[in-house]
Amino acid sequence: MTQKTGIFMIVTRFAPSPTGYLHIGGARTALFNWLLARKRGGKFLLRIEDTDTKRNTPTAAQQVMDDMRWLGIDWDEGPDIGGPNGPYKQSDRRDIYDRYIQQLIDEQKAYYCFDTPEELADMRVAAEKEKRNNIYPRPDMFPDAAVVEKARAEGKPVTVRLAITQTEPIVIQDEVRGTISIDPAELSDFIIQKSDGFPTYHMAVVIDDELMGVTHIIRGQEHLLNTHNHQLLQKALGFRIPIYAHMSVTVSESGGKLSKRERPKMLKKAIKAMGKVDKDAMAKAGGVTPEELETFLKGKTAPDMPAVDAMAAYMGVHLPEINIVDFFRSGYLPETLVNFLALLGWNPGDGREIMTRDELIEAFDLSRINKSNSLFDRQKLTAFNTEYIKLLPPETRLRHFRAYLEEIGSPVAAADDELLGRIIRINEGARTLEQIEQKTRFAFVPDDEIEYDSKAVKKVLLKGDGFAMLRAVGDALATLDELTPEAIETLLRSLAEEKQVGLGKIAQPLRVAICGNTVSPPIFDTVDILGMNTVLKRIENTLTKFQQEKD
RNA sequence: GGCCCCAUCGUCUAGAGGCCUAGGACACCGGGUUUUCAACCCGGCGACAGGGGUUCGAGUCCCCUUGGGGCUACCA
């Protein structure tokens, strides 16, 4: 029963609105659609839904595309590369929407309205007070062209609504949720064209999906009830009905939908928890006025993301990663995110978890998407990242690490490929690229600019005989003529034996002297990487610097 | 409030009526390894929300309760 028609090509899409960075939920939606298209040998489209002129931000579309590329989610048609059914930006498709809206009006399936925002708000309040649904009162007679002309001349807002005349239940088929039917009496005639002339989301999405030949739509559960409206529109316009799959929502640790509001929220909480903070300095760090900061702390409005990030950095608080770039900057790998995201609400059914991109594509299927909401578990994400740092081919790790170092402006970026590769290798077991960077940074700062951790200095050098041990280590190292990790190991081990102490007694003072901290990559590699001159210099510096405190 | 969706360890989940004494992964706890932090190895703790049905038999099907989530915009 294998009937390959050949003409039935799957088409999926991701249709973000350019209001900010690509966030984790959007990335998951994009990934599922991409996975389905790749699995079935179909096409995956990218479309920018910028019909809300007030919310659009100019760089967002570019940023979203950059983030998708970083994740390795590529598209076959899109705003930047075009395609047979373009343009792929809704603001460039106004004339198309106008035609269909006019068609609905001509067929008496839609009608003009002239309500002001205040009037609509009153209706909403009244409905709420009377505990009934807010159903728009459809006029018996639809306004004709003359009336519209007059309203426009008077400066009234002009919108268009779809007349919902169906009385039988509206039934949608959902691939993950089955049959969901709803009584049209629950539905209100909704706006399909706004007073600024732009179509609403509902109108634009239905038209574009039809014209672009989209066959499968995977999206969040928040669109489940919209689907009935979309089906009404599809019927009114004589369109095909695509296959829908509504995935569960990803919720955050604090409950509720995982949203970009999470970061400003956490920042506010941190500021309040700290009590006294220099607000002027913080406002300055974030590039906002003290007044703006004050409004943020009191009210609901939040400054934009770069300002939030800058203030968090200033205060040294770690905000939960929400946007894809946040994860990049925290040292996560794209492979980790793709794998982890795929497993949020889907699984291959055979217990596999760590899976390559190809394995994910191979195993992906709509029937295995589950229905219940899932919580975004950062600890498990980190465990995946640890795994991927170990698993990835050296070239790939190197590429990711270099990109990360350049993004955060780390001094470690000065290392050449060979050194960087070695740094990754000796840090195997690290959970994020950030950890590798932090553990290696000391090697790339000038010898006299090492930051000594006071607790480490006290514990390892000042207390006990750490100081004397360090001197002995310095003397011993100075005699070494062959510099390899093995030679260093042999030397230090025999020194430990001679002194009748464990290797730790030798290694820790040395570590603090050359790194400033008790935490570093394995000591023999660390010495080797720094080179003998630097090591001896730092030992010397350390002895001099803390000599007085010792006495 | 109305409408809709969902419900297995702390978390992500396996489970499509007997294979379940409910399996795996992360987290957690205990132990081991060890030059630090990790990583690694071994072991352990730990769940079918509650109540009714249906059935020879229910985590699996139905109903109710409870709990969670979504929508209810000239946002998408």
Side-chain angles (χ1 to χ4, degrees), chain A residues 15-19 49-52 54-55 113 115-117 120-121 124 127-134 157-161 174 176-178 180-183 185-188 190-196 198-202 204-205 219-226 228 246 248-249 251 253 255-257 340 343-354 370-384 386-387 389-390 427-431 435 438-439 456 460 489 492-493 496 502-508 510-512 515 517-524 526:
Chain A
S17 62
T19 55
E49 308 219 323
D50 57 347
T51 54
D52 186 348
K54 290 179 287 295
R55 294 207 315 161
C113 303
D115 314 274
T116 64
L120 291 173
R124 198 159 39 235
E128 205 167 311
K129 214 166 122 193
E130 293 165 36
K131 297 190 174 186
R132 55 173 171 79
N133 281 3
N134 183 26
V158 179
T159 59
V160 179
R161 284 178 191 263
D174 187 273
V176 346
R177 274 153 227 281
I180 293 148
S181 94
I182 195 166
D183 181 355
E186 301 282 347
L187 267 26
S188 173
F190 57 92
I191 293 178
I192 58 176
Q193 186 176 46
K194 306 188 246 185
S195 59
D196 64 2
F198 273 88
T200 57
Y201 160 71
H202 305 292
V205 80
R219 46 158 52 157
Q221 192 206 222
E222 64 268 25
H223 289 293
L224 189 58
L225 276 319
N226 287 340
H228 297 89
H246 287 92
S248 55
V249 173
V251 298
E253 275 95 339
K257 199 159 70 160
F340 188 75
L343 257 27
L344 229 47
W346 173 86
N347 72 80
D350 54 13
R352 278 183 298 169
E353 290 204 318
I354 297 289
N370 45 238
K371 300 175 186 167
S372 45
N373 287 353
S374 48
L375 190 133
F376 190 81
D377 182 358
R378 287 191 161 72
Q379 282 186 310
K380 185 145 180 169
L381 203 229
T382 307
F384 268 49
T386 310
E387 202 64 27
I389 290 177
K390 277 186 284 207
N427 276 291
E428 241 164 15
R431 303 179 79 78
Q435 274 185 359
Q438 284 170 353
K439 267 170 76 171
V460 176
E489 173 161 8
L492 292 185
R493 283 199 192 280
L503 190 53
K505 289 281 179 219
I506 301 259
Q508 284 304 75
L510 176 58
R511 204 185 301 273
V512 173
C515 312
N517 206 293
T518 51
V519 176
S520 89
I523 193 70
F524 315 124
T526 304

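Quick caveat: nothing in here was measured; it's all calculated off a predicted structure. Only this structure's heavy atoms are used, side chains among them; waters, hydrogens and symmetry mates stay out.
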Chi angles and distances behind the side chain to side chain contact (heavy atoms under 4.5 Å, CB included) call for A/Asn370, A/Asn347: CA-CA 8 Å; A/Asn370 45 238; A/Asn347 72 80; 4.1 Å; yes
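No contact: A/Gly220 has no heavy atom under 4.0 Å from any strand. Using a 4.0 Å heavy-atom cutoff across all strands shown, A/Asp183 reaches no nucleic acid atom at all. Backbone-only engagement by A/Glu49 is indicated by non-hydrogen atom pairs under 4.0 Å involving sugar-phosphate atoms exclusively.
The salt bridge (Lys or Arg N to Asp or Glu O under 4.0 Å) search around A/Arg124 returns none, not counting sequence neighbours. Applying the salt bridge (Lys or Arg N to Asp or Glu O under 4.0 Å) rule to A/Glu128 yields no partners; only residues at least two apart in sequence or on another chain are considered. A/Lys380 is linked by a salt bridge (Lys or Arg N to Asp or Glu O under 4.0 Å) to A/Glu353, counting only residues two or more places apart in sequence or in another chain.
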All N/O pairs under 3.5 Å across the protein-nucleotides 37-40 of chain B interface:
unit_1	atom_1	unit_2	atom_2	d
B/C37	O2	A/Lys439	NZ	2.4
B/C37	N3	A/Lys439	NZ	3.4
B/A38	O2'	A/Gly429	O	2.7
B/A39	OP1	A/Arg431	NH1	2.4
B/A39	O3'	A/Lys390	NZ	2.8
B/A39	O2'	A/Lys390	NZ	3.2
B/C40	OP1	A/Lys390	NZ	3.1

Dump every N/O contact between nucleotides 15-19 of chain B and the protein below 3.5 Å, one line per pair.
unit_1	atom_1	unit_2	atom_2	d
B/G15	OP1	A/Arg368	NH1	3.3
B/G15	OP1	A/Arg368	NH2	3.3

Between the protein and nucleotides 44-51 of chain B, are there any N/O to N/O pairs under 3.5 Å, and if so, what are the atom names and distances?
none

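Judged by distance alone, with hydrogens and angles left aside, A/Arg124 brings no side-chain donor or acceptor close enough to the base of B/U72 to form a pair under 3.5 Å. Scanning atom types as modelled, one donor and one acceptor separated by under 3.5 angstrom connect the side chain of A/Ser195 and the base of B/C74.
For B/U13, the OP1/OP2 oxygens have a side-chain nitrogen or oxygen of A/Asn370 closer than 4.0 Å. OP1 or OP2 of B/C75 lies within a sub-4.0 Å distance of a side-chain N or O belonging to A/Lys194. Phosphate proximity of B/A73 to A/Lys54: absent, as no side-chain N or O sits under 4.0 Å from OP1 or OP2. In this structure, A/Arg378 does not reach the B/C12 phosphate: none of its side-chain N or O atoms is under 4.0 Å from OP1 or OP2. Checking the phosphate oxygens (OP1, OP2) of B/U35, a side-chain nitrogen or oxygen of A/Arg493 falls inside 4.0 Å.
Nucleotide B/G67 forms a pair with B/C6, judged by Watson-Crick or G-U wobble geometry with both contacts under 3.5 Å. If you check B/C28 for Watson-Crick or wobble pairing at under 3.5 angstrom, you find it paired to B/G44.
Between A/Gln508 and A/Ser181, the one whose closest nucleotide on RNA chain B sits nearer the 5' end is A/Ser181.
Checking B/C74, B/A76, B/G24 against the side-chain heavy atoms of A/Thr159 singles out B/C74 as nearest.
Taking the C1' atoms as reference points, B/A14 lies 13 Å from B/U60, given to the whole Å.
A straight line from CD of A/Glu128 to P of B/G2 spans 13 Å, rounded to a whole angstrom. Atom pair A/Asn133:CG and B/C4:C1' shows a separation of 12 Å (rounding to whole Å applied).
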